[in-house]
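See below for the structure under consideration.
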Amino acid sequence: MKNKNLLRLLSAYAALCCIVGIIPLNGLQVSAENIQSTAYESTVPEESVYNNEQESELESESEDNTSSVTITAPSEDISSETLTVTSAAEPDTTDNSEIQTTLTTVSDINEPIISLGDLNSDESVDLTDASLILKLYALLAADIEHKFTNEQVISADCNCSETITIEDAFLVLEYYSMKAAGITESSFEEYLINPPVITTTETTTTTTTTSTTTTTTTTTTSTTTTTTTTSTTTASTTAITTTTTTTTVMPSSTKINVNCILQNASPALPTGCEATALTIALNYHGFSADKYDIAMNYLPRMNNTGTYGADFTYVFPGNPTSSSGYGCYAPAIVATANAYFTAKKNASYAENISGREFTDLYKYVASGIPVVFWGTMNMCNPTTGSSWNTPDGKRVTWKRSEHCLVLVGYDKSAGTVLVADPLKGTVTYDASIVKQRYNAMGKNAVIIHKSNNSKGEEASIDSGSVYRIKNAGSGLYLTVAGGSDSNGTNVIQQTSNNTASQQFRISYDKETNSYRLYTMCSSNGTNRVVDIVKIGGWAVGGSNVQIYNPVDAPAQTFVIEPQKNGTIRFSCRTNRSACLAAVGSQNGTAGGTAYSSAGNAVIKTFTGDSSQLWYLEKIN
């Protein structure tokens, strides 16, 4: 197998030599299909030829009709040896003549410098070096004494495997061809560390070819001959696959210049690393965000009620201005960023890219996008913390030392990453340690997609018009229980009744860039609105829905988000992870105000379930 692989590589090498003009195309012919085994002979004095024992390891099954190929690499003022490759082919009637070319190696190099791949020390890794590696491999494989220096032998071990193989020559040929094609400008050693990334796209083109077949039928009578000709057309389809190669070279190191904001600088956010990290990313993208404003006006928060605590995946437990606060994860920061963009009427948006491998985050940094990610304070090991129940029935457990940072650079060769750390400033960390902490904290990461376009929510619907709101899951309609016009009346879903209790005037609020839902059963849609019953001071998954006077915008405004299937999502303006939903497929009741009550209208963490989506039916 080793000999067969060598001959395959020699054939490939010879073809490459022909392409670049080192060996004329008609001056070298190698047929790998006709070669079954390989023996090596040296044309140096006869005493150097293999003994019988050496020949027995390489001899072919047939001794008839052998062809000999000797390959030469160009050299200047360098003593050479000649290597003859003898192969046995199947007997045939053709004349198997010998073709010889000289393969050259270096016997003396002054002041040797060990540089991978550069055997002739000409500061270039090219075809000559590949031929020298092949010759060295052949001599070593045949246990023939060679004149290569120790430095050359070390240089020939391109993949540092401590063995000279055809793979070493292949690496040189691959590098030479990519450099000649302009795919890489790096040195050979840099290429070995960080080879170009090749992506291939296949495009299929269909060509239709039409052929015509003519059939002749002849009918004969005593006096007349009639000839009828029928033409049949057959269509054949040929699929042609065209391969387009796009090369993307990611640099081995890069960094983004950001202004690292410290969370404990006045005004201090002792537990506000997430709000601070997001502020760093926002300001890099050209916004004028303030960490305190982000933490207090856009970050979804919930105080511990004694019975419930926040689901920290989506909501911050406590207050980031206090050392007794906790923290939150990627979905909460995506919701925070998107709430900020809504308030600024900007079309930018945050994306949750959690779950990716840590090194996959490098491509965003290489593209000039800082990545908000989660690790630990001082990159220490996380430990298990407190547990509590959430309003929507979950049991969650906190991990101590949770910390949010911004990835702004990396250096693959040094094995380091550059991080904007809200506790320390811009710091270089060991990449392997950061990767471990990133994995331990659930691989959470967020990026910002910057847009210079404005985005007002008013265009989503016909503001001021009256609608019935139908749940996509149950087919029932949003209803004010009993049609009662009083604060605190429960909102449910019910079968269509064609009354004002199921009619809502949806009005755009320019100040908050969001909507209020006025019930038509209260002063003809001018008095009370759909209201979220806060838990721990915030609208969170698990909250009930009622009607109330329009006095608390954070609990009474929604962002209307159209979906691809024609439905809409009513997202809480101050907690974009949460939305208006219905429980089950039954009619609700005025007294069924629990989160699990059948037919009740509640706030849920958005999952895309049909119970969280609605149809709008406009009333003329």
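Here the structure is a predicted model, which means the values were calculated and not measured.
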Using modelled atom types and a 3.5 Å cut-off, is there a donor and acceptor pairing between side-chain atoms of [X] and backbone atoms of [Y]?
{"X": "S348", "Y": "S451", "value": "yes"}
{"X": "S266", "Y": "A268", "value": "no"}
{"X": "N490", "Y": "T589", "value": "yes"}
{"X": "N303", "Y": "N319", "value": "no"}
{"X": "S514", "Y": "T557", "value": "no"}
{"X": "S522", "Y": "T519", "value": "no"}
{"X": "N378", "Y": "C380", "value": "no"}
{"X": "N565", "Y": "T567", "value": "yes"}
{"X": "Q612", "Y": "T605", "value": "yes"}
{"X": "N304", "Y": "G318", "value": "no"}

Taking salt bridge (Lys or Arg N to Asp or Glu O under 4.0 Å) as the test, write out the residues that go with [X], two or more places apart.
{"X": "K345", "answer": "none"}
{"X": "D552", "answer": "K534"}
{"X": "K399", "answer": "none"}

Straight-line distance of [X] [atom1] to [Y] [atom2], nearest 0.5 Å:
{"X": "L517", "Y": "I547", "atom1": "CG", "atom2": "CD1", "answer": "12.0 Å"}
{"X": "S253", "Y": "L418", "atom1": "OG", "atom2": "CG", "answer": "11.0 Å"}
{"X": "S386", "Y": "W398", "atom1": "OG", "atom2": "CH2", "answer": "10.5 Å"}
{"X": "D311", "Y": "R395", "atom1": "CG", "atom2": "CZ", "answer": "12.5 Å"}
{"X": "L613", "Y": "F570", "atom1": "CG", "atom2": "CZ", "answer": "10.5 Å"}
{"X": "N346", "Y": "Y340", "atom1": "CG", "atom2": "OH", "answer": "8.5 Å"}

Using the test side chain to side chain donor-acceptor pair (under 3.5 Å), find all partners of [X] that sit at least two apart in sequence or belong to another chain.
{"X": "K618", "value": "D462"}
{"X": "N259", "value": "none"}
{"X": "K604", "value": "none"}
{"X": "R528", "value": "D485, N487"}

Can you tell me if [X] and [Y] form a side-chain donor-acceptor pair at under 3.5 Å?
{"X": "Y284", "Y": "N257", "answer": "no"}
{"X": "D531", "Y": "Q546", "answer": "yes"}
{"X": "N513", "Y": "Y508", "answer": "yes"}
{"X": "T276", "Y": "T279", "answer": "no"}
{"X": "T607", "Y": "D609", "answer": "no"}
{"X": "N524", "Y": "T526", "answer": "no"}
{"X": "R576", "Y": "N338", "answer": "no"}

Atom of [X], atom of [Y] and distance for their closest heavy-atom approach:
{"X": "S486", "Y": "S484", "value": "OG-OG, 3.0 Å"}
{"X": "I603", "Y": "Y595", "value": "O-CE1, 3.5 Å"}
{"X": "C572", "Y": "C579", "value": "SG-N, 4.2 Å"}

Checklist entry - Does the ring center of W374 lie less than 6.0 Å from the ring center of Y438? => result no
Item to check | Pair F558 and Y515, ring centroids less than 6.0 Å apart | outcome: no
Suppose the criterion is salt bridge (charged side-chain N to carboxylate O under 4.0 Å, His left out): which pairs have a residue in [range], not counting sequence neighbours?
{"range": "residues 274-290", "value": "none"}
{"range": "residues 411-420", "value": "none"}
{"range": "residues 327-336", "value": "none"}

Item to check | Heavy-atom neighbours of Y292 OH exceed 12 at 6.0 Å | outcome: no
Next on the checklist: Quick check on Y548: does its OH atom have over 12 non-hydrogen neighbours (other residues, nucleotides or ligands) under 6.0 Å away?
Outcome noted: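 Counting other residues, nucleotides and ligands, OH of Y548 stays at 12 neighbours or fewer.
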Next on the checklist: Could you check whether K450 makes a cation-pi contact with Y349, meaning its NZ or CZ is under 6.0 Å from the centre of the six-membered ring and within 45° of the ring axis?
Outcome noted: no
Side-chain atoms of residues 322-335: list all donor-acceptor pairs with protein atoms under 3.5 Å, sequence neighbours left out, distances to 0.1 Å.
unit_1 : atom_1 : unit_2 : atom_2 : d
S322   : OG     : S324   : N      : 3.1
S322   : OG     : S324   : OG     : 2.7

Checklist entry - Do W388 and Y308 pass the ring-ring contact (aromatic ring centres under 6.0 Å, His included) test, and can you show the C-alpha distance, the side-chain angles, and the key distance before you say yes or no? => result CA-CA 7 Å; W388 55 79; Y308 298 120; over 10 Å; no
Checklist entry - Can you list the steps and then say if V417 with L407 is a side-chain contact (heavy atoms from CB on, under 4.5 Å)? => result CA-CA 7 Å; V417 291; L407 181 65; 3.8 Å; yes
Next on the checklist: Evaluate R437 against H403 for side-chain contact (heavy atoms from CB on, under 4.5 Å), listing each step before the verdict.
Outcome noted: CA-CA 10 Å; R437 304 300 177 251; H403 192 41; over 6 Å; no
Next on the checklist: With ring pair (Phe, Tyr, Trp, His ring centres under 6.0 Å) as the test, pick out the partner of F373 among Y429, F358, Y362.
Outcome noted: F358
Next on the checklist: Assess the residue pair K363 and M250 against the criterion (side-chain contact (heavy atoms from CB on, under 4.5 Å)); give the C-alpha distance rounded to whole Å, side-chain angles, the decisive distance to 0.1 Å, and a yes or no.
Outcome noted: CA-CA 7 Å; K363 66 181 180 182; M250 193 170 74; 4.0 Å; yes
Let me have the donor-acceptor pairs involving side chains of residues 472-483, under 3.5 Å, with sequence neighbours excluded, atom names and distances please.
unit_1 : atom_1 : unit_2 : atom_2 : d
S474   : OG     : L476   : N      : 3.1
S474   : OG     : Q493   : OE1    : 2.6
Y477   : OH     : R468   : NH2    : 3.4
Y477   : OH     : E617   : OE1    : 3.1
Y477   : OH     : E617   : OE2    : 3.0
T479   : OG1    : Y477   : O      : 2.8
T479   : OG1    : Q502   : NE2    : 3.1

Checklist entry - Do T384 and T397 pass the side-chain contact (heavy atoms from CB on, under 4.5 Å) test, and can you show the C-alpha distance, the side-chain angles, and the key distance before you say yes or no? => result CA-CA 7 Å; T384 302; T397 300; 3.7 Å; yes
